[in-house]
Amino acid sequence: MRTRPLKVALLGCGVVGSEVARIMTTHADDLAARIGAPVELAGVAVRRPDKVREGIDPALVTTDATALVKRGDLDIVVEVIGGIEPARTLITTAFEHGASVVSANKALLAQDGAALHAAAGEHGKDLYYEAAVAGAIPLIRPLRESLAGDKVNRVLGIVNGTTNFILDKMDTTGAGYQEALDEATALGYAEADPTADVEGFDAAAKAAILAGIAFHTRVRLDDVYREGMSEVTAADFASAKEMGCTIKLLAICERAEDGASVTARVHPAMIPLSHPLASVRGAYNAVFVESDASGQLMFYGPGAGGAPTASAVLGDLVAVGRNRITGTTGPGESAYAALTVSSMGEVVTRYHISLDVADKPGVLAQVATVFAEHGVSIDTVRQQGKDGEASLVVVTHRASDAALGGTVEALRKLDTVRGVASIMRVEGE
């Protein structure tokens, strides 16, 4: 074993950062044995230096993150502060001054992953980010390394624990959206401002990262279609149950059938109870991967939290530490395929549409005609009427999002259609 320690700087010491520091201390001997050299915490950059941080020498704490990453004697910089800036500048500065980087910053990687990879490559350093997607679940490395010889066609997953907790509570208890959100907040699963989670921003960033790795194509956050879940109702769950489905907020990355393009999207969707993702409960995450050679694979576990996320960070730290000792680097960005990233309008899937209509003869025929005129084939129809009003539920065969959009616009113009109560995609079949 090499006696000179690997020097590690920690940017951020919140929930995740403090767990990283704790594990580095309590598992120091094991980490040294696995890496082949001792690991030394050389500095910790924070915003509030006066806060007591158990197990961390106060002499290591600094508010000058820039000076820390410019030291020149660091081997690895662990970035867990999040956000775009100053994280982006600190990471590139770390590369320039000789350090490799382990990051958990999904937002930055989704927005500027290509530039960060280029900076790492220019300076011959590693950029690892297993913790950026799905917490403790090993997902980035299997996609980037274990499946490197396979052709991934689809990545379908629940990648946000807050949203899954809320939807699961609505499904199992009949609670409304706000009631379930309030419980998630009280239990600490949801932030005081839950927008990033419930409106799909968090999941969209993860989808961009997953799509880029799975399809060897640069996919940025702006390429990901995003739709939140705040409009999902108890009535939607009732309809889902009648179809033998439940509702999940899904991140879906797909290769087109002709192989020439890919799509990435995040939105609520009905999914059959027979699908493995339907049984994912509470705040857990799960990702379903479909590929040519290995078939169907599922990765499941806690997708957030201090200790689970720190576990992923430490796994990367071990891998990068080994590379530093041997003078090598791990895999960088693989974007050779350069496939076209298609718009949401080209996505093809099934749809569940609930309409409020007049309860009189001929309405169903009118609605069916509109679907036919827009090339959308109907699978099933269910109609319930009372006191001159009716609810008409239509489930389609597979159709493009653009075709469905045209259909809905035409339906709104019918005198017999009072309104479109809900539109939900049906996935996982």
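Counting heavy atoms from C-beta on, the side chains of Asp197 and Phe165 never come closer than 4.5 Å. Between Arg412 and Val420, the closest side-chain pair of non-hydrogen atoms falls below 4.5 Å. Between Leu249 and Pro268 there is a side-chain heavy-atom pair separated by less than 4.5 Å. With a 4.5 Å cut-off on side-chain heavy atoms, Glu254 and Arg265 count as touching. Between Asp112 and Arg220, the closest side-chain pair of non-hydrogen atoms falls below 4.5 Å. In this structure the side chain of Glu145 reaches within 4.5 angstrom of the side chain of Pro331, judged on heavy atoms. Using a 4.5 Å heavy-atom threshold, the side chains of Val266 and Ile252 count as separate. Between Ile76 and Asp126 the shortest side-chain heavy-atom distance does not fall below 4.5 Å.
In this structure, Ala251 and Val159 approach most closely via the heavy-atom pair CB-CG2, 3.9 Å. Nearest approach of Leu156 to Gly428, heavy atoms of both residues: CD2-CA, 4.3 Å. Taking every heavy atom of both residues into account, Val289 and Leu147 meet most closely at CG1-CD1, 4.1 Å. Here the closest heavy-atom approach between residue Ala42 and residue Leu74 is recorded as CB-CD2, 3.9 Å. Of all heavy-atom pairs spanning Gly17 and Leu10, the tightest one is O-CD2, 3.3 Å. Closest heavy-atom contact between Ile166 and Ala184: CG1-CB, 3.9 Å.
In the model, Asp64 has no side-chain atom that pairs as donor or acceptor with a side-chain atom of Thr62 under 3.5 Å. A donor-acceptor contact under 3.5 angstrom links the side chains of Tyr225 and Glu227, judged on distance only. Using a 3.5 Å distance cut-off with no hydrogens or angles, the side chains of Asn153 and Asp292 do pair a donor with an acceptor. Judged purely by distance below 3.5 Å, without hydrogens or angles, the side chains of Glu427 and Thr349 pair a donor atom with an acceptor atom.
The cationic atom of Arg154 (NZ for Lys, CZ for Arg) does not lie both less than 6.0 Å from the six-membered ring centre of Phe288 and within 45° of the ring axis.
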side-chain contact (heavy atoms from CB on, under 4.5 Å) for Leu404 and Ile423? Distances and angles first, verdict last.
CA-CA 10 Å; Leu404 196 281; Ile423 302 171; 4.2 Å; yes
I would like to know whether Leu250 and Ile158 meet side-chain contact (heavy atoms from CB on, under 4.5 Å); could you show each step before the answer?
CA-CA 5 Å; Leu250 298 177; Ile158 299 163; 3.9 Å; yes
Applying side chain to side chain donor-acceptor pair (under 3.5 Å), run through Asp182 and Thr185 and close with a yes or a no.
CA-CA 5 Å; Asp182 290 343; Thr185 303; 5.3 Å; no
Arg22 and Glu54: CA distance, side-chain angles, deciding distance, side-chain contact (heavy atoms from CB on, under 4.5 Å) verdict
CA-CA 8 Å; Arg22 183 188 66 79; Glu54 186 177 350; over 6 Å; no
Step by step, would you call Thr246 with Phe237 a side-chain contact (heavy atoms from CB on, under 4.5 Å)?
CA-CA 7 Å; Thr246 188; Phe237 273 100; 3.9 Å; yes
Applying salt bridge (Lys or Arg N to Asp or Glu O under 4.0 Å), run through Asp401 and Arg425 and close with a yes or a no.
CA-CA 10 Å; Asp401 191 79; Arg425 297 171 183 86; 3.0 Å; yes
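Counting only distance, with no hydrogens or angles, the side chain of Asn105 and the backbone of Gly83 share a donor-acceptor pair below 3.5 Å. A donor-acceptor pair is defined here as one N or O able to donate and one able to accept, closer than 3.5 Å; no such pair exists between the side chain of Glu346 and the backbone of Ser400. A donor-acceptor contact shorter than 3.5 Å links the side chain of Thr396 to the backbone of Tyr351. When atom types are taken as modelled, the side chain of Asp150 and the backbone of Ser294 share a donor-acceptor pair closer than 3.5 angstrom. Remark: side-chain polar atoms of Asp168 are paired, donor with acceptor, to backbone N or O of Gly282 under 3.5 angstrom. At least one donor-acceptor pair under 3.5 Å links the side chain of Arg322 to the backbone N or O of Arg34. Panel note: side chain Lys241, backbone Asp171; a donor-acceptor pair is recorded below 3.5 Å. Under a 3.5 Å cut-off, the side chain of Thr217 and the backbone N or O of Phe215 do form a donor-acceptor pair. Not one N or O on the side chain of Asp356 forms a donor-acceptor pair closer than 3.5 Å with the backbone of Arg418. Put simply, the side chain of Glu79 gets close to the backbone of Ile81: a donor and an acceptor are under 3.5 Å apart.
In this structure, Leu181 CG and Thr162 OG1 are separated by 9.0 Å, a value rounded to the nearest 0.5 Å. Rounding to the nearest 0.5 Å places CD1 of Ile140 at 3.5 Å from CD1 of Ile213. Interatomic distance, Leu127 CG to Thr92 OG1, rounded to the nearest 0.5 Å: 11.5 Å. Taking CE of Met344 as the start and CZ of Arg226 as the end, the distance is 12.5 Å to the nearest 0.5 Å. Taking SG of Cys253 as the reference point, atom CG of Leu210 lies at 5.5 Å (rounded to 0.5 Å). Here Arg88 contributes atom CZ and Ser103 contributes atom OG; the two are 12.5 Å apart, rounded to the nearest 0.5 Å.
By the 6.0 Å contact criterion, CZ on Arg281 is enclosed, its count of non-hydrogen atoms from other residues, nucleotides or ligands being greater than 12. Within 6.0 Å of CD on Glu231 lie no more than 12 heavy atoms contributed by other residues, nucleotides or ligands. For Asp29, the CG atom sits in a loose shell: 12 or fewer heavy atoms of surrounding residues, nucleotides or ligands are nearer than 6.0 Å. The number of heavy-atom neighbours closer than 6.0 Å to CD of Glu85, taken from other residues, nucleotides and ligands shown, is above 12. Within 6.0 Å of atom CD in Glu191, 12 or fewer heavy atoms from other residues, nucleotides or ligands are found, so the atom counts as exposed in its surroundings. For OH of Tyr284, the number of neighbouring non-hydrogen atoms (other residues, nucleotides, ligands) closer than 6.0 Å is 12 at most.
Here the rule is side-chain contact (heavy atoms from CB on, under 4.5 Å) with Met24, and of Leu41, Ile56, Val78, Val313 only Leu41 fits it. When each of Val318, Leu317, Asp316 is checked for a side-chain contact (heavy atoms from CB on, under 4.5 Å) with Leu314, only Leu317 meets the rule.
Using bins of under 30°, 30° to 60° and over 60° for the plane-to-plane angle, the ring pair His117/Tyr129 lands in the perpendicular bin.
Salt bridge absent: Arg218 and Asp223 never bring a charged side-chain N and a carboxylate O closer than 4.0 Å. With respect to Glu96 and Lys70, no salt bridge is recorded, no charged nitrogen being found less than 4.0 Å from a carboxylate O.
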